[in-house]
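I have placed the structure first, in the form of structure tokens, so that the comments after it can refer back to it.
By convention here, the first residue in the shown sequence is residue 1.
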Amino acid sequence: MTRIAFPRLAVRAIVLHRNCLLLVNAWPDGKSDLMCAPGGGVERASALPDNLKREVYEETGLEINVGAPCLVNEFHDPEGSFHQVDIYFRCTLIGPAEMDADWRDVENIVTDRRWVSRAEMATLRVKPDSLAAVAWQDADAPMYDPLEPLVV
């Protein structure tokens with residue numbers, strides 16, 4: 001029997017605080033310098049906002065309120081079967097924005113987490129390409145970001 005690979009569903013948080021965006025590096029052991037919005041895979045029988053609250057807490061130690069969806073992005077491995085659909089939500093912090101320097105995510109994957117200004121973000125490798133436009137609500141920010149190749 002041939003196994004059909006379905007796209008993986010994930011949720012991600014757009015969290016702005018003092019005009020800085022929360023970003024994480026989720027490549028263990030320094031495999032990549034690529035930064036992205038915090039979040040991760042959806043667990044069955046759990047609402048998307050509940051998954052997102054869990055993922056953000058696991059990756060950063062921060063608690064959030066989840067607002068409206070603002071972007072659907074998808075990416076894939078052109079050489080393999082990996083295909084992921086990310087749903088981004090606008091979120092707000094519950095409590096302080098300071099992150100404990102000793103915090104370690106439960107899966108030991110996140111190697112960097114930080115607040116970045118838009119100017120700082122322009123100096124980083126970030127995915128998806130539309131993240132800054134969506135986060136800072138540019139007039140031409142997409143609501144759907146078409147399939148792009150996975151990068152490391």
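When atom types are taken as modelled, the side chain of Asp86 and the backbone of Asn73 share no donor-acceptor pair closer than 3.5 angstrom. Within the 3.5 Å criterion, the main-chain N or O of Ala97 finds a donor-acceptor partner in the side chain of Trp115. Within the 3.5 Å criterion, the main-chain N or O of Pro38 finds no donor-acceptor partner in the side chain of Glu55. A donor-acceptor distance shorter than 3.5 angstrom exists from the side chain of Asn25 to the backbone of Ser32, with no hydrogens or angles considered.
Every residue two or more places apart in sequence or in another chain that forms a salt bridge (charged side-chain N to carboxylate O under 4.0 Å, His left out) with Glu58 is listed here: Arg54. In this structure Pro78 satisfies the side chain to side chain contact (heavy atoms under 4.5 Å, CB included) test together with His76, Pro149, sequence neighbours excluded. Judged as a side chain to side chain contact (heavy atoms under 4.5 Å, CB included), and not counting sequence neighbours, Met143 has no contacts. Shown here are the side chain to side chain contact (heavy atoms under 4.5 Å, CB included) partners of Ile109, two or more places apart in sequence or in another chain: Ala26, Pro28, Asp105, Glu107.
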Test side-chain contact (heavy atoms from CB on, under 4.5 Å) applied to Met35 and Met121, step by step: CA-CA 9 Å; Met35 302 292 285; Met121 191 171 168; over 6 Å; no
Please walk me through it: do Phe89 and Ile64 pass side-chain contact (heavy atoms from CB on, under 4.5 Å)? CA-CA 11 Å; Phe89 291 84; Ile64 58 167; over 6 Å; no
Working for side-chain contact (heavy atoms from CB on, under 4.5 Å), residues Ile14 and Cys91: CA-CA 6 Å; Ile14 301 287; Cys91 300; over 6 Å; no
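Each of Leu34, Val116, Asp112 was evaluated against Leu124; a single residue qualifies, Val116, per the side chain to side chain contact (heavy atoms under 4.5 Å, CB included) test.
Here the side chains of Leu52 and Val56 are in contact, with some heavy-atom distance below 4.5 Å. Between Glu74 and Pro7, every side-chain heavy-atom pair lies at or beyond the 4.5 Å cut-off. Within the 4.5 Å cutoff, no side-chain heavy atoms of Arg12 are placed close to those of Leu71. For the pair Lys53 and Val66, the minimum side-chain heavy-atom distance is below 4.5 Å.
Criterion: ILVMFWY side-chain heavy atoms under 4.5 Å apart, direct or through other members. Under it, Leu22 and Ile87 are part of a common hydrophobic cluster. Transitive grouping of hydrophobic side chains (ILVMFWY, heavy atoms separated by less than 4.5 Å) keeps Leu147 and Leu150 in distinct clusters. Cluster membership check: Val11 shares its hydrophobic cluster with Leu62, using side-chain heavy-atom separations under 4.5 Å among Ile, Leu, Val, Met, Phe, Trp and Tyr. Grouping the Ile, Leu, Val, Met, Phe, Trp and Tyr side chains by contacts below 4.5 angstrom, directly or via other members, places Tyr88 apart from Val15.
Considering all non-hydrogen atoms of both residues, Arg113 and Thr60 come closest at NH1-O, 3.4 Å.
Annotation: the span from Gln84 atom CD to Phe75 atom CZ amounts to 4.0 Å, rounded to 0.5 Å.
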Which donor-acceptor pairs under 3.5 Å do side chains of residues 128-138 form with protein atoms, sequence neighbours excluded?
unit_1, atom_1, unit_2, atom_2, d
Asp129, OD1, Lys127, NZ, 2.8
Asp129, OD2, Lys127, NZ, 3.4
Ser130, OG, Asp145, OD2, 2.8
Trp136, NE1, Asn19, OD1, 2.8
Asp138, OD1, Arg118, NH1, 2.9
Asp138, OD2, Arg118, NH2, 2.6

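Through side-chain heavy atoms spaced under 4.5 Å, either directly or across other Ile, Leu, Val, Met, Phe, Trp or Tyr residues, Trp103 is tied to Tyr57.
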